2 protein chains.
Amino acid sequence: MRMGEDRAVAAESGTRARTRRAIVQAAVALLAGDPTASLGDVAAAAGVGRTTVHRYFPERSDLLAAIGADVLEKVAAATERARLDDGPAAKALERLCQEYFELGDGLTLMFETPQLTNWSGWEQETAADRHFLDTVRRGHAEGSIDPELDEEWIRNLVWALLYSAWEQARTTGTPKHSALTLCLRTLRKALAP
Amino acid sequence: MRMGEDRAVAAESGTRARTRRAIVQAAVALLAGDPTASLGDVAAAAGVGRTTVHRYFPERSDLLAAIGADVLEKVAAATERARLDDGPAAKALERLCQEYFELGDGLTLMFETPQLTNWSGWEQETAADRHFLDTVRRGHAEGSIDPELDEEWIRNLVWALLYSAWEQARTTGTPKHSALTLCLRTLRKALAP
DNA sequence: ACTTAGTGGAACACCGATGTTCCATAACGG
DNA sequence: CCGTTATGGAACATCGGTGTTCCACTAAGT
């Protein structure tokens with residue numbers, strides 16, 4: 001038995017881990033701008049050879065899956081940080097929104113790269129997802145969230161607002177903080193009963 | 001001078017016009033589900049031979065351009081119908097939202113198919129776009145729209161809400177009318193000063 | 001009915017992305 | 001300092017989508 005992690009590939013020697021991260025990072029940034037970018041482009045953007053990319057991710061889908069897992073992990077972490085159970089539910093969702101905004105290009109990818117959501121972890125409800133929906137219900141119960149807006153719509157709404165805000169920051173020159181401010185203000189007003 | 005249209009290709013004999021429309025229609029529906037669908041798939045979905053597709057649209061980009069133009073045209077028509085200059089600006093935008101919702105899969109495409117917006121008509125501001133922004137400004141002036149939300153954000157917001165609502169209707173079983181209701185309610189609350 | 005316009009299918013060349021192999025060489029760690 | 005580890009590049013096979021041509025066939029229009 002190996003002392004590896006519970007993840008698939010497990011403990012890589014520092015160098016490999018660093019290269020792998022470099023590739024994934026570059027891929028996220030690049031694919032956010034052009035979802036059809038080739039693996040050669042990704043390699044170039046990551047500053048490595050195309051061969052190396054294939055060494056780490058035999059098929060394109062493997063890279064996509066890795067990105068998907070990465071984003072998913074970041075979402076989970078962000079959900080943790082938001083401490084959804086503290087204070088009024090509406091406020092909790094605003095905090096969550098702020099945390100999710102840190103996903104950056106990950107937001108763009110989730111919208112524009114459907115293949116990313118084909119990876120196993122995405123089809124079934126994640127803990128973060130459940131926690132989110134629970135919080136919305138709590139908001140409905142305690143009266144801090146408009147009861148006319150059901151859970152599903154609010155989930156879609158949050159993501160849509162985040163995507164809009166991030167894209168506005170990415171394409172137009174809008175500074176990130178003001179984009180986020182608009183996003184949060186809009187969310188607050190939308191949720192208010 | 002010819003009695004043809006001002007458009008590029010102009011008056012086609014009824015049969016051709018019908019086939020062309022069938023192809024574009026099928027392409028819209030298909031690409032909304034999978035933006036990477038091949039021309040063969042489009043042909044199959046349209047119930048015509050692949051050769052025929054190429055006859056009408058020599059290159060893939062030509063088809064995309066046609067779709068882009070089609071959507072653009074529908075947007076213009078919808079903007080007309082919304083009568084943006086009547087009544088309070090906030091109400092006008094809600095009417096506009098209702099009209100835009102009719103774009104259906106066109107909404108999905110605008111978000112998920114960037115190549116669609118590469119076509120010439122999209123880079124420069126359209127009349128509809130200008131009319132929209134003018135209406136937002138009017139809302140700011142007359143006090144029916146939250147002055148903290150700038151024109152650009154509101155434009156993005158409207159599209160994002162529409163996309164969310166449409167996707168919710170398309171993927172989950174939510175009936176279209178209730179999706180639209182949620183969308184409008186959210187917009188109304190977001191715009192309110 | 002007969003001419004013309006429109007269609008479908010097969011066959012082909014082409015291209016870019018993908019995935020694989022092999023080897024020389026650079027970086028790293030003991 | 002030397003062996004292991006990781007890398008980059010070149011060369012190659014493959015594959016699917018694309019775009020083209022040609023011909024037989026069918027549906028319109030007069």
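Note on naming: letters A, B, ... go to the chains in the order of the sequence lines (proteins, then strands), and numbering restarts at 1 for each one. Quick note: numbers below take in every heavy atom, side chains included, and nothing from hydrogens, waters or symmetry partners. Since the model is a prediction, treat every value here as computed from it, not as a measurement.
- Every stem involving DNA chain C, taken as at least 3 paired positions in a row under the Watson-Crick or G-U wobble test at 3.5 Å, is listed here: C:1-30 with D:1-30.
- Under the ring-ring contact (aromatic ring centres under 6.0 Å, His included) criterion, the residue pairs touching residues 78-110 of chain A are Tyr100(A)-Trp159(A), Phe101(A)-Trp166(A), with sequence neighbours excluded.
- Evaluation of the side-chain hydrogen bond (donor to acceptor under 3.5 Å, both in side chains) test over residues 24-49 of chain B, restricted to residues two or more places apart or in two chains, returns Asp34(B)-Thr36(B), Ser38(B)-Asp41(B).
- Sequence neighbours left out, not one pair with a member in residues 115-126 of chain A passes side-chain hydrogen bond (donor to acceptor under 3.5 Å, both in side chains).
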Check: residues 178-193 of chain B side-chain donor-acceptor pairs under 3.5 Å, at least two apart:
residue, atom, partner, partner atom, Å
Ser178(B), OG, Pro175(B), O, 3.0
Thr181(B), OG1, His177(B), O, 2.8
Arg185(B), NE, Asp146(A), OD2, 2.8
Arg185(B), NH2, Asp146(A), OD1, 3.3
Arg185(B), NH2, Asp146(A), OD2, 3.0
Thr186(B), OG1, Trp153(A), NE1, 2.9
Thr186(B), OG1, Leu182(B), O, 2.7
Lys189(B), NZ, Asp146(A), OD2, 2.6
Lys189(B), NZ, Ala190(A), O, 2.6
Lys189(B), NZ, Ala192(A), O, 2.6

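- Applying the side chain to side chain donor-acceptor pair (under 3.5 Å) rule to Glu99(A) yields the partners Arg81(A); only residues at least two apart in sequence or on another chain are considered.
- Within residues 55-65 of chain B, the residues approached by DNA chain C to less than 4.0 Å at the level of any non-hydrogen atom are Arg55(B), Tyr56(B), in residue-number order.
- Counting 5' to 3', DNA chain C first comes under 4.0 angstrom of a heavy atom of chain A and last does so at the ends given by dA17(C) to dT21(C).
- Every residue was checked against the side chain to side chain donor-acceptor pair (under 3.5 Å) condition with Arg18(A), not counting sequence neighbours, and none meets it.
- Take Lys176(B) and apply the side chain to side chain donor-acceptor pair (under 3.5 Å) test, not counting sequence neighbours, and it matches no residue.
- Residues passing the side chain to side chain donor-acceptor pair (under 3.5 Å) test with Arg170(B), sequence neighbours excluded: Glu167(B).
- The list of salt bridge (Lys or Arg N to Asp or Glu O under 4.0 Å) pairs with a residue in residues 57-67 of chain A, not counting sequence neighbours, is empty.
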